[in-house]
There are 2 protein chains.
Amino acid sequence: MNSRVEERCIAQGVRMTDQRRTIAKVLSESTDHPDVDQVHARAVKLDPETSITTVYRTLRLFEEAGVLEKHDFRQRRFRYEEATDQPHDHLIDVKTGDILEFYAPEIEQILEEHAKTLGYQLIDRRLELYAIPLTKDA
Amino acid sequence: MNSRVEERCIAQGVRMTDQRRTIAKVLSESTDHPDVDQVHARAVKLDPETSITTVYRTLRLFEEAGVLEKHDFRQRRFRYEEATDQPHDHLIDVKTGDILEFYAPEIEQILEEHAKTLGYQLIDRRLELYAIPLTKDA
DNA sequence: GTAGCTGCAAAAGATTTGCGACCAA
DNA sequence: TTGGTCGCAAATCTTTTGCAGCTAC
């Protein structure tokens, strides 16, 4: 059965190959935000032939097709996740590097408003919270 | 007269040299968000001897001392600005690369709240709006 | 059949580092 | 004096690209 990411790529008219199917499967099955090396490592488990070059090329292709999102999170490498219709932002645990997702609908309009005041129309945004775990006694 | 950035570095116990004074002056006089090459170019005008290596080292030093802030803005290179006591966020004109600053006090508490709900205490945040100019007839 | 894909090795671009000479405190 | 700093060149790290052979449509 085709993976969700594969289906979305096909819908976007992206040509499919074995390698791309493998990488699509990896992303479909990931619930975290893997970087290129992690995607490569997971792809190699499914198909040992997969090269890192193709992973780079494929992730970029999928991202340009709007199927994946690429994030920076102030770490060395870019991280990827499947794009969702539901917008959301990220909280990064600066101790462990863990990434949590959240959605703050209340700020949408506020940000729109600020952009408008400056004479701009919003195209995209990046909101990341860097935080440490709350201690019981804090 | 010492520049503002220089004074703040001295207050932080950073050892001063001619090169550092020059770079401190450049940042003190910048109202934009220059990248390393731009800082270097401006420094060279004041002191032709300034090397790019020292600019890299010094910007990092000043940032670690909390006197400068380093931003990514999804461009190739990092950009720098003097740290301010007044928190603010940025709007990036995706057509021109221009960077505007704004402050949305309304969202502060909302974000704190979301972090707390996830069990975290905020350390820092990154909020960037990517936008295009509003057209008159839009 | 042919434009598009793949893997390898090499290139690229930004930033960091080793090192010997030099300088601030 | 002496540990910190400077400039140069070389190294690093991630990502991209040239090329020759292979493949999906």
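Residue numbering restarts at 1 for every chain, and letters A, B, ... go by the order of the sequence lines.
Between Asp72(B) and Arg126(A) a salt bridge is recorded (basic side-chain N to carboxylate O distance below 4.0 Å). With respect to Glu6(B) and Lys25(B), no salt bridge is recorded, no charged nitrogen being found less than 4.0 Å from a carboxylate O. Under a 4.0 Å N-O distance rule, the pair Arg8(A)/Glu82(A) qualifies as a salt bridge. Ionic pairing of Arg21(A) and Asp47(A) is not present here: no N-O contact between side-chain nitrogen and carboxylate oxygen is shorter than 4.0 angstrom. Between Arg125(B) and Glu108(B) a salt bridge is recorded (basic side-chain N to carboxylate O distance below 4.0 Å). Here Asp35(B) does not pair with Lys70(B) in a salt bridge; the nearest charged N to carboxylate O distance is not below 4.0 Å.
When ring centroids are compared, His71(A) and Phe78(A) stay outside the 6.0 Å threshold. Proximity of the aromatic rings of Tyr103(B) and His88(B) is defined here by a centroid distance below 6.0 angstrom, and this criterion is not met.
Straight-line distance from the CG atom of Leu61(A) to the P atom of dG4(C): 12 Å, rounded to whole Å. In this structure, NE2 of His40(B) is placed 14 Å from P of dA14(C), rounded to the nearest angstrom. Rounded to whole Å, atom P of dG4(D) lies 11 Å from atom CZ of Arg20(B). As rounded to whole Å, 14 Å separates atom C1' of dC6(D) from atom CD1 of Ile52(B).
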(request) Mark up nucleotides 17-25 of chain D, 5' to 3', with B wherever a protein heavy atom is under 4.0 angstrom from a base atom, S wherever such an atom reaches only the sugar-phosphate, and - elsewhere. (result) BB-----BS
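Non-hydrogen atoms lying under 4.0 Å from DNA chain D are contributed by nothing in residues 63-81 of chain B.
Remark: Tyr56(B) is not in phosphate contact with dT16(C), judged by side-chain N or O atoms under 4.0 Å from OP1 or OP2.
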